[in-house]
Protein chains: 2
Amino acid sequence: MARASGCSVATVSRVLAGTRPVGADTARRVRAAAEELGYRPNHAARALRSRATGTVGLVLPQITNPFYPALVRELTHALHAEGRAVLLADCDDDPVAEAGYIDDLLARRVDALLVVPADERRSRDAVAAAAARVPLVLMDRGCGPGVADSVAVDNSAGMALVLDHLAATGRRRVWFVGAEGTASAAAERRAAYAAGAAVLDEGAAGRIALGDFSVAWGRAAVDLVWEARPDALVCANDLIAVGALQRLQQLGADVPGDVAVTGFDDIPMAALAAPGITTVRQPVPELAAEATRLLNQRLAGGEEGPQRAVRLAPELVVRESSGPRPTAAGDERGAEAAPGDRRGPAEAPGRATRVPAPRQVTGPE
Amino acid sequence: MARASGCSVATVSRVLAGTRPVGADTARRVRAAAEELGYRPNHAARALRSRATGTVGLVLPQITNPFYPALVRELTHALHAEGRAVLLADCDDDPVAEAGYIDDLLARRVDALLVVPADERRSRDAVAAAAARVPLVLMDRGCGPGVADSVAVDNSAGMALVLDHLAATGRRRVWFVGAEGTASAAAERRAAYAAGAAVLDEGAAGRIALGDFSVAWGRAAVDLVWEARPDALVCANDLIAVGALQRLQQLGADVPGDVAVTGFDDIPMAALAAPGITTVRQPVPELAAEATRLLNQRLAGGEEGPQRAVRLAPELVVRESSGPRPTAAGDERGAEAAPGDRRGPAEAPGRATRVPAPRQVTGPE
DNA sequence: CTGAAAGCGCTAACAT
DNA sequence: ATGTTAGCGCTTTCAG
């Protein structure tokens, strides 16, 4: 390769890696030779010498959780755009497996790690240890204070958007169907509801049912709260909302006529449910961009700066599940009864109204 | 490290890599020293020397397609279990991007590639070129004959399960709602329907509507076929089925009372729709196991054996969308009316019946 | 069974 | 701006 371009191996290296200025002529010759010979630099050798693999580890709790595919998509695209490759690990919600994967990724000399911790507490040690070795950004979920940089949606702002919307559309007997635990999504959404619900109705802040982030819990929760005849169910994520919606329909309730249902995350299923579920959309592309920005900052030498906790503002997506209650007694099919909803024969069940992000918060943790 | 265990670096290497027999005593000393020093072998150096990175590239057309997360999960687990790591690439359904990712993965010296090609035709050149350089297994979709080993579900067997089920439950005016194109899933499912539908009704084989694999097409298709008053819609995948179900409910049709709906793939949404969608479950763990098995076979030296096309038998999952038609005019909510379906207050909308895999086909392409 | 030494392909220092 | 050289950390001959 050096021979083919008529210069030294060092020059070839400098052209291809762009580490140092090279004569324009020489550079062109080298590139031509590379093209001709189909030369591909050996990343293993490069990694060995330069102590950087151009590789980032992505550790997820459960790829089958419908929120993560979109995140993975944005992250891989963002990282590939800067020439990095992504090593993926799925730890099946098991912090022990997670620790093993993190260990393996470090042995493979990833330049950095992106971690969505499986468990707020039990992931902490492994994450903290890893963060001491390479730049590490926590995503979506926290892992205790002071562990690493983190990027997540502003759960409080999201919940506020929901409560404002419900207030504006006249809902008063609101219940929160959330998840137990100290994980950030569960705790923050719960707290934000408790803090904001009093505006709707003085009792609303206390009307809270807690389970986990699953469809099954959504179904079960309806049985717990339905006899209190709520006019809105604020669910802590979309899976819960899907379950609640199903059970309400089973019971013959009209959504949104009798009761509104809202979710959180805007997973694909939220749009596809019938009626479509009003939810809080996480700014996934922005989350990915922010995470890679933090990573690059650390990789570029900001090793010892203060830890950053970036919170991005979400957006409310209004769909039929929280639409206006029919003034007259409509037909039994709820959302189907709303007139003017249909623009064409086979259109999506309804157009979503989007309330844009009101603010963006960034600051030390 | 050699110093700490009191022997040479060569011996250390032999213990850790297990390449050659080593004295039991020495081995123990080395392992103890490794533990103590927290020694982690450097994969980059190992890769450089041994020309194997212990890494597999996984190239997907769209991670956000709800069928793939489960596949990714099983593949990563299977590969990690044998000490390999997975480099993930999502090419956003773009064959040009796909070629770029494949190129990058090869430059990174992946030991092998797993590819779900984005396009039956336009992915072919890049895949064939890659297959000439490393072991490569095609998954889920084909890429023309003779390109590489492949693993996929037996689409014909799956369609036969659906048609048998519909025949057994008395459906006759059946329509197929499929997808155009030559991609294996589209073409094989379409062909299998055409071949098997005549048993139901002499006209059934001709009742075919073609669009793409989307929810939107499912909705649109209903408008095309509904005036013919079908008693069953056989959809080529679950997304189409979800769309069809939505539009049927909008139109006030009773599913399964008036019309049964079936899907294909068993994505999570199929179970969560209301009524749950009867579908053909792809044997995802087995697909993953089979793909890794083929890969290992090639990596172990079977470089030049004949190409293998493995087809695994699917399983029919019967849910409410194809349940028996109510004998009397039940209430309007279709599946909800079936008595004895409810075991407890908040149970899933219904129990699924599973028809196990009838056969498994393996053979040269 | 173990040790000594060569070298995988590249980049970083250093020299020019 | 370019060439020369050493060596990244490991595995693998080749001797012993």
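Naming: A, B, ... by sequence-line order, numbering from 1 per chain.
Side-chain nitrogen and oxygen atoms of A/Ser13 include none within less than 4.0 Å of the OP1 or OP2 phosphate oxygen of C/dA12. Within the structure, a side-chain polar atom (N or O) of A/Thr26 is placed less than 4.0 Å from OP1 or OP2 of D/dT2. The side chain of B/Arg51 places an N or O atom within less than 4.0 Å of a non-bridging phosphate oxygen (OP1 or OP2) of C/dG9. Residue B/Thr11 places at least one side-chain N or O closer than 4.0 Å to OP1 or OP2 of C/dG3.
Note: CZ (A/Arg14) to P (D/dT4) measures 11 Å, nearest angstrom. In this structure, B/Asn42 atom CG and D/dC10 atom P are separated by 6 Å, rounded to whole Å. The separation between B/Leu37 atom CG and D/dG9 atom C1' is 15 Å, rounded to whole Å. Taking atom CZ of residue B/Arg29 and atom P of nucleotide C/dC1, one finds them 15 Å apart after rounding to whole Å. Remark: C1' of C/dA12 and CZ of A/Arg46 are 14 Å apart, rounded to the nearest angstrom. In this entry the distance linking CG of A/Leu48 with P of C/dG9 reads 12 Å, nearest Å.
Minimum atom distance to the side chain of A/Ser8 is reached by D/dG3, of the listed C/dG3, C/dT11, D/dG3. Picking from D/dT11, C/dA12, D/dT12 the nucleotide with the shortest atom distance to the side chain of B/Ala17 gives D/dT11.
Remark on DNA chain D: of its neighbouring residues B/Arg20 and B/His43, the 5'-side contact belongs to B/His43, judged by nearest-heavy-atom nucleotide. Between A/Leu16 and B/Ser50, the residue anchored nearer the 5' end of DNA chain C, judged by the nucleotide with its closest heavy atom, is B/Ser50.
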message = Applying side-chain contact (heavy atoms from CB on, under 4.5 Å) to A/Val115 and A/Glu98, what does each step give before you reach the verdict?
response = CA-CA 10 Å; A/Val115 180; A/Glu98 181 180 58; 4.2 Å; yes

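Atom CD of A/Glu74 and atom CG of B/Asp90 lie 9.0 Å apart (nearest 0.5 Å).
Counting heavy-atom neighbours within 6.0 Å of B/Arg124 CZ, excluding the residue itself, gives a total above 12. A 6.0 Å sphere centred on CZ of B/Arg121 holds no more than 12 heavy atoms belonging to other residues, nucleotides or ligands.
Between B/Arg29 and B/Asp25 no salt bridge is recorded (no basic side-chain N to carboxylate O distance below 4.0 Å).
Residue-to-nucleotide contacts include no donor-acceptor pair under 3.5 Å from the side chain of B/Arg49 to the base of C/dG9. Not a single donor-acceptor pair, N or O on each side, falls under 3.5 Å between the base of D/dG9 and the side chain of B/Arg40.
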